[in-house]
Every structure is written in structure tokens, then in C-alpha cells.
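Residue numbering restarts at 1 for every chain, and letters A, B, ... go by the order of the sequence lines. Atoms considered below: every heavy atom in the structure, side chains included; atoms not considered: hydrogens, waters and symmetry mates.
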Protein chains: 2
Amino acid sequence: MPAPITEAQTRLDREALLDTAERLFYAHGIQAVGMDRVREASGLPLKRIYRLFATKEDLVVAVLRRRDRRWRASLTAYVESVADPRERVLAVFDWLAAWFAEPGFRGCAWINAHGELGSSSEPVLAEVRSHKRAFHDQLTAWVRATGAPVAEAVHLLAEGAIVTAGVHTDPAAARHARAAVERLLGDRR
Amino acid sequence: MPAPITEAQTRLDREALLDTAERLFYAHGIQAVGMDRVREASGLPLKRIYRLFATKEDLVVAVLRRRDRRWRASLTAYVESVADPRERVLAVFDWLAAWFAEPGFRGCAWINAHGELGSSSEPVLAEVRSHKRAFHDQLTAWVRATGAPVAEAVHLLAEGAIVTAGVHTDPAAARHARAAVERLLGDRR
DNA sequence: ATCGATGGAGAACGCTCGTTCTCGACCTAG
DNA sequence: CTAGGTCGAGAACGAGCGTTCTCCATCGAT
């Protein structure tokens with residue numbers, strides 16, 4: 001075999017491609033970013049891109065999946081560094097507040113993808129639902145540990161804060177949600 | 001002047017066009033529905049469509065604006081038919097539950113539009129924000145009438161229920177939100 | 001009856017998209 | 001050194017988009 005294509009290089013290119021695609025898709029929307037724009041920004045030849053991901057849809061799903069892994073890992077690391085169960089739940093909303101305040105914050109990537117492709121791409125829809133369910137389950141476990149039967153309420157407050165912050169590009173929603181959760185968990189202590 | 005084009009006919013065509021466009025945009029997404037599909041489904045010549053709305057963007061904004069008027073009017077009529085302030089706020093979530101259970105429910109049209117066009121169309125973004133702000137303000141007024149300082153919490157619960165029901169096509173979110181609001185407003189009575 | 005403006009039907013335009021193909025350069029195995 | 005496979009660069013393709021234009025039938029005013 002003549003020209004080499006190491007497996008290590010493949011992994012590197014794959015990650016670089018996902019980095020580029022995630023940044024562009026999140027900033028401008030998925031449908032608004034063509035594959036040629038991804039090629040230009042990533043520096044990878046179109047041919048290689050299509051060998052890494054057979055279709056744009058595959059690329060989109062891979063972007064969402066990796067982002068889900070990282071997003072939830074970051075949240076979990078932050079939240080579980082807190083010991084007290086009640087404070088843990090409140091820490092979720094501190095983490096959300098920091099996320100909303102990041103430069104370039106443009107709402108929830110999964111909600112945005114759902115609005116764009118939820119009705120035309122089954123794999124994307126499945127990925128969105130999978131992410132939302134995982135977030136719900138993770139959050140529910142933390143809330144249950146406090147003993148208060150308010151898991152669904154806390155989850156809806158979190159989702160409401162995420163979508164509201166996204167639409168108005170305003171981190172205030174995280175503060176409001178946090179205050180409501182404090183009330184639900186009981187004011188004392 | 002030879003051929004007639006009455007103002008009454010213009011209004012009729014306009015409404016029929018908005019009906020068709022709203023139905024198609026909501027069911028399949030805005031970007032997924034071309035103007036030719038709108039023409040075919042509405043039965044109106046393309047020429048007339050473009051005389052009624054100079055661009056697709058104008059049509060989209062008009063669809064969202066009329067839907068906003070109807071959506072909030074329907075909500076208000078339902079809620080204000082209830083006398084007691086506390087029951088009024090709970091009625092919001094009964095109305096949401098009925099909406100979520102409608103056949104063809106595919107989430108919040110404004111959140112979906114935001115995901116599709118929020119980063120590429122300033123007029124659409126403005127329309128989405130206007131709708132969300134109006135809903136927030138209306139809801140806040142109803143909650144304030146109960147005397148409980150939980151307006152922001154109730155609003156976030158409503159938004160969370162809307163987005164969650166949209167993603168999972170599951171009306172259960174309305175029940176969970178309603179239960180949380182009952183708790184926030186005080187269990188007694 | 002004739003003229004001229006208008007409206008409808010749909011072709012056409014220019015562009016962009018996702019995806020594939022062409023082709024020349026290069027590298028390695030023999 | 002040669003041969004053959006692979007790769008990168010970018011052209012090409014077919015489809016679909018939003019929008020505009022062409023053309024003819026139609027109708028009111030004269």
C-alpha cells in the first residue's frame with residue numbers, strides 16, 4: 001500500500017472536524033452552514049470529510065453526541081464537587097448561569113437542532129430526545145437525594161431557564177430559576 | 001382600469017395564504033417548505049402571493065404575528081373565564097395540557113422558528129422575542145393577582161413545560177408544571 | 001369591435017446545497 | 001526506476017430554493 005493514512009491521524013482529523021462543525025453549527029445554525037463552509041474552516045479536503053462522515057446528517061449527529069458527553073460531564077463535575085445534596089441542586093443553576101453568560105451563548109444546541117431538523121431528520125430527533133432524557137434523569141437523581149418530591153418541578157425550571165435565556169440572550173433566567181428551586185426545597189437552613 | 005381586484009378578495013386571499021403557510025410551516029418547519037409548496041397548497045398564483053408578501057421572510061413574520069394574536073387570545077379567554085386568581089393561574093396549565101394533546105402538536109412555533117431562523121433573520125428573532133415577552137407579561141399579571149411572589153417561577157415552569165412537551169410530544173409536562181405551581185402558590189385552600 | 005392593461009400559469013433565472021467525480025501529484029513496494 | 005494505488009484540490013452535477021419574467025386569455029372602457 002502506497003500512501004499512508006494512520007489511524008491516529010484519522011482520530012485527530014475527526015476531532016478537528018467535529019470542533020469546527022460544532023462551532024459553526026452552534027453559531028449560525030445547522031442548515032445555514034454548508035459542507036463547503038465546514039471544509040474551508042476545518043482545512044480538511046471534502047473527500048476526507050465524507051470518508052469520516054458519510055453524510056451531513058451523520059456529522060450533525062456526531063457533533064450533538066460529543067457535545068452531549070462534554071456538556072453533561074462538565075455539569076456533573078461542577079455539581080458533584082459540592083457535598084450537600086441541597087447545595088448540589090442549587091449548583092446546577094449556578095452552572096447554568098455561568099453557561100448563559102459565556103460569550104457567544106446562543107441557547108440550547110439541542111433545542112435549536114430540534115427546531116431546525118426535528119421534523120425532517122429522525123436521527124437528529126432521537127439524539128435531541130436522548131440528551132434531554134439524560135439531563136432529566138441526572139437532575140432527577142440529584143433532586144431525589146434531597147428527599148424533596150420536586151424533581152419534575154426542578155427539571156421544568158431548568159428547561160424553562162435554558163429556553164428563556166436562549167431566546168433573550170439574558171442570564172437572569174438562571175437566577176430566577178435558582179430562587180424558585182430554593183423555595184421548593186424549603187427556605188430553612 | 002380593466003381587470004378588477006377587490007380589496008375584499010385581497011383580504012380573503014391573505015387569510016387563506018396565512019392559513020396554508022402556518023399549517024405547512026408548523027408541520028414541516030419553515031426552511032423545509034418552499035414557496036412553491038405554499039403556492040400549490042394554497043391554490044394562489046405565485047404572482048399574487050408575492051404581491052401580498054414581498055418576501056418569504058415577510059410571510060413568515062406575518063404568520064408568526066397572527067398566530068401570536070390568536071394563541072394569546074385563546075389562552076386569555078380560557079383563563080379569564082375563571083374568577084379566582086389562584087385558579088386562574090392553574091387554568092393556564094390546563095390550557096397548556098389541552099394544547100399539548102392536540103393532534104399534530106409539534107412544540108412551540110416560536111421556539112422552533114427561533115431554532116431555525118433566530119441567527120439569520122432579525123425580523124423573525126424580534127417576532128419570537130415579542131411573543132415570549134408578551135406571554136411572560138400576561139402570565140406575570142395573573143400570578144401577581146394571587147399575591148404570591150412567584151411570577152418568574154411560574155413563567156419558567158410554563159416555558160419548561162412547553163419545550164419539554166414539544167421535544168417529547170408528551171403532555172405529561174403540563175401536569176408536572178401544574179403540580180409545581182400548586183405547591184408554589186401554597187397547598188392550603 | 002377594438003385596444004390595452006391585468007391576472008393567471010408556469011417556465012426561467014441565478015444561486016446554493018449535499019454529494020460525487022476528475023485529474024494530476026505523490027509516495028511506497030518491488 | 002517504475003508502476004500503481006491513494007490523496008488533495010477543486011470542478012461538476014443534479015436538485016431545490018426564492019424570486020422574476022414570459023406569454024396568453026380575459027375583461028372593461030371607448
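For the pair Ile49(A) CD1 and dT20(C) P, the interatomic distance rounds to 13 Å; values are reported in whole Å. Tyr50(A) places its OH atom 16 Å from the P atom of dG8(D), with the value rounded to the nearest Å. For the pair Leu46(B) CG and dG7(C) C1', the computed distance is 14 Å after rounding to whole Å.
With rounding to the nearest 0.5 angstrom, the CZ atom of Arg23(A) is 8.5 Å from the NE2 atom of His28(A). Of the inter-residue distances, the one linking Glu116(B) atom CD with Ile30(A) atom CD1 reads 10.5 Å to the nearest 0.5 angstrom.
Using a cutoff of 4.0 Å between basic side-chain nitrogens and carboxylate oxygens, Arg133(A) and Asp137(A) are not scored as salt-bridged.
In the set dA9(D), dT19(C), dC23(D), dA9(D) carries the atom at the smallest distance from any side-chain atom of Lys47(A).
Summary for the helix from dA1(C)-dT30(D) to dG30(C)-dC1(D): the axes at its two ends, each from 5 pairs, differ by 20° when rounded to the nearest 10 degrees.
Aromatic ring pairs are classed by plane angle as parallel below 30°, tilted from 30° to 60° and perpendicular above 60°; the pair Phe100(A) and Phe105(A) is tilted.
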Between Ser121(A) and Glu57(A), is a side-chain hydrogen bond (donor to acceptor under 3.5 Å, both in side chains) present by the stated rule, with each step listed? CA-CA 8 Å; Ser121(A) 167; Glu57(A) 188 177 58; 2.6 Å; yes

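Arg48(A) has no side-chain polar atom (N or O) that falls below the 4.0 Å cut-off from OP1 or OP2 of dC7(D).
With sequence neighbours left out, Lys56(A) forms a side chain to side chain donor-acceptor pair (under 3.5 Å) with no residue at all. Listed by chain and number, the residues in a side-chain contact (heavy atoms from CB on, under 4.5 Å) with Arg66(B) are Glu15(B), Leu18(B), Asp19(B), Glu22(B), Arg69(B), Arg70(B) (sequence neighbours excluded).
Using a 4.0 Å cut-off on heavy atoms, the residues of residues 19-44 of chain A that approach DNA chain C are Val33(A), Gly34(A), Met35(A), listed by number. Sorted by residue number, the members of residues 53-63 of chain A with any non-hydrogen atom under 4.0 Å from DNA chain C read Thr55(A), Lys56(A).
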If you look only at distance, which donor and acceptor atoms sit under 3.5 Å apart when one is on a side chain in residues 138-145 of chain A and the other is two or more places apart or in another chain?
unit_1    : atom_1 : unit_2    : atom_2 : d
Gln138(A) : NE2    : Thr76(A)  : OG1    : 2.7
Thr140(A) : OG1    : His136(A) : O      : 2.8
Trp142(A) : NE1    : Glu80(A)  : OE2    : 3.1

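A cation-pi arrangement is not found for Arg67(A) relative to Phe25(A), the charged atom failing to lie both closer than 6.0 Å to the ring centre and inside a 45° cone about the ring normal.
Residues Asp94(B) and Tyr78(B) meet the side-chain proximity criterion, which asks for heavy atoms closer than 4.5 Å. Counting only heavy atoms from C-beta outward, the side chains of Lys132(A) and Cys108(A) approach each other to under 4.5 Å.
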